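One structure is given below, encoded as structure tokens.
Because the structure is a prediction, the values reported are computed rather than measured. In listed order, ligands and their atoms are each counted from 1. All residue numbers in this chain count up from 1 along the given sequence.
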Amino acid sequence: MIESDLLRHIYSRTADLSRFGQVVVGPGDDCAVLRAPSGDHLLLTVDQVVEGRHFEAIADPSKARVLDGIGRKAIARSISDIAAMGGTPTATLATACLPPGFPQTSADELFDRMHAWALHWGAPLIGGDIAMGPDLGNSAKPPLLLTTTVLGVPHAGRGPVLRSTAQVGDELWVTGRLGNSFASGRHLSFEPRVAEARWLCSRAGAEPTAMIDLSDGLGRDADRIARASQVRIEIDARLLPLHPDCTDRRRGVSDGEDYELLFTASPGSLAEGASINAVPLTRIGRIVAGPAGAVIRTDTGLLDASGLGWDHADPRP
Ligand SMILES: [Mg+2]
């Protein structure tokens, strides 16, 4: 089963959540949105990292630098989902399933690093659980698994920024640069765009109309905004802001784990060449009427964007 099929299965089981008044937004966005009895909204997201899929198999668990990168990524992915809603992270919960024989000192170091990174983004680790995986004898060793839940609060003025509210006529923008995240190691060191999302949401009258963080590649994630909003997104391949070490435009569209923000905004609400804290903002497309989905305009014609991306349940590319 691939991730998109599994998510569809989950959504089909939770279609009647509207009768639960506390669930404002259920599955299908970067975070769920809950209404507390006080009326305030809360953001919740959960994600996992799996050894051998989201990070390389650990050759030496005594290496603090390796554990730091893994712990950082486990926290940062969920922090990025809070940013994708325009929110501020507030607290973190984490669980680990360790391979049999994983040293206690390494487990302590891993959780110390996760705690430090959670604090770094203002969302202290407030609970969790650790289990040891089964020893399967001669079979292959089970991988290290980390699961991270982050809670957050939406921007007080803008409220949660959903995927489903892009408007025909909007422009499509992206923060930072795209492509080559795995080979470069940026998938372990990316900076979740929390401050940038907050800045965007603070511009009264010019806030993002819809937003997502780029976990699975620009093509696939743009298609998610398009389908959730029932609009057509046209991306201009010539406008993509690629990292200097990514020379192939197709990889700028299809590589996963850039963790930049992709958002829609009213025309003219952002100036060409704008940046936030030296992070560039680039207009890469527009929202038009038409069949829901994202397409990419290239020198040779239009490409369907929906299959151009990385499915986290698929084997690594
Ligand atoms: Mg996301």
For Phe263 and Trp173, take the angle between the two ring planes, folded into 0 to 90°, and tell me which bin it lands in: parallel under 30, tilted 30 to 60, perpendicular over 60. parallel

Walk me through it: do Ser306 and Asp304 pass the test side-chain hydrogen bond (donor to acceptor under 3.5 Å, both in side chains)? CA-CA 6 Å; Ser306 61; Asp304 175 8; 3.0 Å; yes

Backbone or side-chain N/O/S of Asp213 under 2.8 Å of the Mg ion (ligand 1): yes

Could you grab the distance from atom OG1 of Thr92 to atom CD1 of Ile126, nearest 0.5 Å is fine? 7.5 Å

Asp81, N/O/S atom nearest the Mg ion (ligand 1): OD1

Between the side chains of Asp245 and Ser184, is a donor N or O closer than 3.5 angstrom to an acceptor N or O? no

For the Mg ion (ligand 1): the N/O/S atom of Asp30 at shortest distance: OD1

